[in-house]
Novice: 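Quick one: the structure is below, questions incoming.
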Amino acid sequence: MAPVIKKPDYNLINAVSDNRLLGLWRMMTGYRYIYLAATIGLGIAALSKTATYLLLRYFIDDILGKGYGWQTLALIGLGFVGLALFEGTFTFLSGRLAAQTAEGVALRLRNYLYDHIQRLTFTYHDRTKTGELLQRSTSDVEAVRRFYADQAIALGRIVLLFVVNFLAIWTLQRQLAVLSVAVVPVLVLVSVFFFGRVSKRYEAYQEQDAELQTTLQENLSGVRVVKAFARQDYEIGKFEQENWEKYQRGRRLILMHSLYWPSSDILAGFQMLVGFVIGAIMAINGTITVGTYLAYAGMVIWIIWPMRNLGRIIVQMSAGLVSYDRVCEIITEEEEPLTEGSIKPAGHVRGEIVFDNVSFAYNGGETVLNDISFRCNPGERVALLGSTGSGKTSLVNLLPRFYEYTGGSITLDGKELKDYQRRYLRSQIGIVEQEPFLFSRSIRENITYGVLRDVSDEEVYAAARAAAIHDVILSFPDGYNTQVGERGVTLSGGQKQRVAIARTLLRDPRILILDDATSSVDTETEGAIRQALTHLMQGRSTFIIAHRIQTVMYAELILVMDHGRIIQSGTHDELMAQPGAYRRIYEMQARVEDELQSELQATAD
Ligand code: DCP
Ligand code: MG
């Protein structure tokens, strides 16, 4: 399996612009010629249409009843058929080319967004709702696609039809030409008026759509909580309310459309009527020939139709433009610089880690870590103990540079952590997260997730054995090929944790972080894991976060944390020798164990 971490060779950041049309144009890079060809096709189709009317005029005025032979008539007939074929063919071709562009740009945009979202910072994901991201990378991309496929091309068609037919009428009769565009300024004003309003309403509509998606997504991810707390009614109500709001906003949006339609229809209809009547009077008076009148009547439709549609298209374009902005907001979000940093050694790190007076705050908030100082020699185990919310996870998340420490210094092998490339750092550090996530794939695929090379079964088994999960997996009917349900629901919490441990062990990292990795595991299994890990932890600097003294007591250094500070540190023996939190926790846990033991004894007797 080859590593697929290649950045796409196009960079859509260049397509971000305050001028949205310019941005959309840039976003088309690589497809512009195709799109241009589509436009030319439209032009040819428009010319063919107009030529048909001019041929009609010629036929009526100069051929009909003038005693020409059948050959001429046949030629004219062929002319009509040929023009119709021409128009049809080029309309079809330009439609295809436009679709090719639209699909191509949308395909690329989706890929780019997905790729980009993978590279955003933890901080960004902390503050962004998943539903919002989902909505923008699907529904908004779709609106941008429609912009190219339908609206932009329709706009081109409208402009071309308008220009070609106007010029054709102009050559026939100037007054008629001027007359047929008299209402244009009014139509433009009306369109501009509606454009602004529809834009705003569409934006509100998309925002609400994102809200609805977020609600749905959270509800589905949290379906177990919902059921456990029997809050279905509340959730249904919440959804219905969001949905109702979307309906309302959708109605307001449509209302704008439906107000626009009749007003532009009335204007266009009026224009058409006046044109026909005046043209007819001119024909009766002999100012123009009958053929000219017929040709005019045909062509003027293709002036008025575009004008009428221009407004509609402009109004619909606002959707594409708003969605373009929403997509650009993601594109401009800064990526986590994975390869920035001067230090990227060829080999492995030794794993000497020194925290010196480190402080940290999430995203400019209150500090959650203060004055953290300790040293971890290569291959040593550091255990973190402390009440919930005391900052243990925050502390270990600094090591792979998921977040940047805000004060003090952390060094790895004597060099400042901030100078290491993130990618290198992460290749050296293995983490078993507090709430491990498994993919809906087979167990084997989950275990081998972190390694890019081919892995032998033996290696996978060894990792699974060390995590005390091998036998459990074999007991499943499909063994290692067992599919893990979404979020690993077909596995128990403890089994999931152990699969996650195996996944991390297989990567063979120099620095190991176990964040409460055995919290969902019974004491006996934990003992088994601990034994297997003891062997594995050799030569690796390991951070263990745990609540059981049993788990932490063998560590070379134990840090007791409280409210973002280290309140005690030392080995088990040292900490037991002094009064303080550690001894209290120890005594409490020992008492509970004792009571449990004697109760078990009592029931056994
Ligand atoms: N915090 C935050 N933003 C995050 C994560 C945490 O503001 N993305 C805050 C919440 C806590 C503090 O930081 O007040 C410390 O959180 P930790 O997750 O580091 O706490 P622990 O890991 O020690 O707690 P637990 O034992 O519950 O895992
Ligand atoms: Mg934690």
Side-chain angles (χ1 to χ4, degrees), residues 21 24-25 35-57 83-84 86-95 97-98 147-195 198 260-279 288 292-318 320-321:
L21 286 176
L24 282 159
W25 169 250
Y35 212 59
L36 200 64
T39 317
I40 292 174
L42 279 181
I44 297 178
L47 284 174
S48 315
K49 191 188 282 301
T50 306
T52 312
Y53 293 117
L54 295 177
L55 187 63
L56 179 72
R57 168 174 176 269
L83 285 173
F86 229 60
E87 191 194 335
T89 311
F90 278 94
T91 307
F92 166 75
L93 281 181
S94 76
L97 293 178
F147 177 87
Y148 295 114
D150 305 333
Q151 288 124 30
I153 207 77
L155 185 68
R157 185 166 141 83
I158 283 168
V159 171
L160 284 170
L161 280 173
F162 184 87
V163 170
V164 169
N165 286 296
F166 176 77
L167 288 179
I169 299 179
W170 179 262
T171 56
L172 295 181
Q173 226 294 330
R174 294 190 181 183
Q175 277 135 349
L176 276 180
V178 174
L179 179 73
S180 53
V181 295
V183 79
V184 168
V186 186
L187 262 180
V188 168
L189 281 183
V190 172
S191 302
V192 168
F193 173 83
F194 278 100
F195 177 74
V198 168
Y260 172 74
W261 271 116
S263 29
S264 75
D265 267 357
I266 291 170
L267 282 171
F270 177 70
Q271 166 79 70
M272 196 116 72
L273 190 69
V274 173
F276 283 165
V277 171
I278 295 187
I288 53 174
T292 306
Y293 178 65
L294 281 181
Y296 162 75
M299 291 190 289
V300 80
I301 292 176
W302 293 104
I303 289 187
I304 299 202
W305 176 85
M307 284 193 312
R308 202 175 146 245
N309 271 271
L310 182 67
R312 180 175 69 99
I313 297 298
I314 289 184
V315 161
Q316 283 180 352
M317 270 185 163
S318 69
L321 297 181

Novice: If I compare all heavy atoms of F166 with all of V178, which pair ends up nearest, and what's the gap?
Specialist: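 F166 and V178 have their closest heavy atoms at CE1-N, 4.4 Å.
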
Novice: Checking I313 against D150 for the side-chain contact (heavy atoms from CB on, under 4.5 Å) test, could you report, in this order, the C-alpha distance in whole Å, the side-chain angles of both residues, the deciding distance, and whether it holds?
Specialist: CA-CA 9 Å; I313 297 298; D150 305 333; over 6 Å; no

Novice: If every non-hydrogen atom of S94 is compared with every non-hydrogen atom of A38, which pair is closest and at what distance?
Specialist: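 That closest heavy-atom pairing would be CB-O, 2.9 Å.
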
Novice: Which word best sums up how the rings of Y293 and Y296 line up, parallel for under 30°, tilted for 30 to 60°, or perpendicular for over 60°?
Specialist: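 Tilted: the ring planes of Y293 and Y296 meet at 30° to 60°.
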
Novice: Are the side chains of I44 and F86 in contact, using a 4.5 Å heavy-atom criterion?
Specialist: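 Yes, close enough: below the 4.5 Å cut-off.
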
Novice: With heavy-atom distances below 4.5 Å as the criterion, would you say the side chains of L21 and F147 are in contact?
Specialist: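 Yes. Closest side-chain heavy atoms under 4.5 Å.
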
Novice: Any side-chain heavy atom of L172 within less than 4.5 Å of one from R57?
Specialist: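 They are in side-chain contact.
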
Novice: Looking only at heavy atoms, which two atoms of T91 and A45 are closest? And how far apart?
Specialist: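 That closest heavy-atom pairing would be OG1-CB, 3.5 Å.
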
Novice: Mind checking the CG-OH spacing from D265 to Y260? Nearest 0.5 Å is all I need.
Specialist: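 Atom-to-atom, D265:CG and Y260:OH are 9.0 Å apart.
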
Novice: Which of these passes side-chain contact (heavy atoms from CB on, under 4.5 Å) with L176: V300, T292, I169?
Specialist: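 For L176, the side-chain contact (heavy atoms from CB on, under 4.5 Å) check succeeds only for I169.
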
Novice: Please report the closest heavy-atom contact between P306 and L161, naming both atoms and the distance.
Specialist: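 Answer, listing the atom of P306 first, then L161: CG-CB, 4.0 Å.
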
Novice: Is there a side-chain contact (heavy atoms from CB on, under 4.5 Å) between M299 and L54 once you walk through the steps?
Specialist: CA-CA 9 Å; M299 291 190 289; L54 295 177; 4.1 Å; yes

Novice: Find out whether L24 and L321 are in side-chain contact, i.e. whether some heavy atom of one side chain is under 4.5 Å from a heavy atom of the other.
Specialist: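 Counting from C-beta outward, L24 and L321 do come under 4.5 Å.
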
Novice: How many angstroms lie between atom CD1 of I158 and atom CD1 of I153, to the nearest 0.5 angstrom?
Specialist: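 Between atom CD1 of I158 and atom CD1 of I153 there are 11.5 Å.
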
Novice: When rounded to the nearest 0.5 angstrom, what is the spacing between OG1 in T39 and CG in L160?
Specialist: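 Spacing of OG1 (T39) from CG (L160) equals 7.5 Å.
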
Novice: Please check this pair: side chain of Y53 against backbone of A297, looking for a donor-acceptor N/O pair closer than 3.5 Å.
Specialist: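 Pair absent, no side-chain N/O of Y53 close to backbone of A297.
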
Novice: Within this structure, what is the CZ-CH2 distance for the pair R157 and W305, rounded to the nearest 0.5 Å?
Specialist: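 Going from the CZ atom of R157 to the CH2 atom of W305 covers 4.5 Å.
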
Novice: Report the C-alpha distance between F162 and V181 in whole Å, list the side-chain angles of each, state the deciding distance to 0.1 Å, and finish with yes or no for side-chain contact (heavy atoms from CB on, under 4.5 Å).
Specialist: CA-CA 9 Å; F162 184 87; V181 295; 3.5 Å; yes

Novice: Minimum heavy-atom separation for A152 to M317, with atom names?
Specialist: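 Between these two residues, the closest heavy atoms are CA-CE, 3.8 Å.
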
Novice: What do the steps show when you test F90 against L47 for side-chain contact (heavy atoms from CB on, under 4.5 Å), and what is the final call?
Specialist: CA-CA 11 Å; F90 278 94; L47 284 174; over 6 Å; no

Novice: Looking only at non-hydrogen atoms, find the nearest pair between Q173 and I288 and report the distance.
Specialist: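 That closest heavy-atom pairing would be CG-CG2, 3.4 Å.
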
Novice: Quick check for you: to the nearest 0.5 Å, what is the distance between S264 atom OG and F194 atom CZ?
Specialist: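 Between S264 OG and F194 CZ, I get 8.5 Å after rounding to 0.5 Å.
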
Novice: Which value, rounded to the nearest 0.5 Å, describes the distance between L36 atom CG and L97 atom CG?
Specialist: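 It is 10.5 Å, given to the nearest 0.5 Å.
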
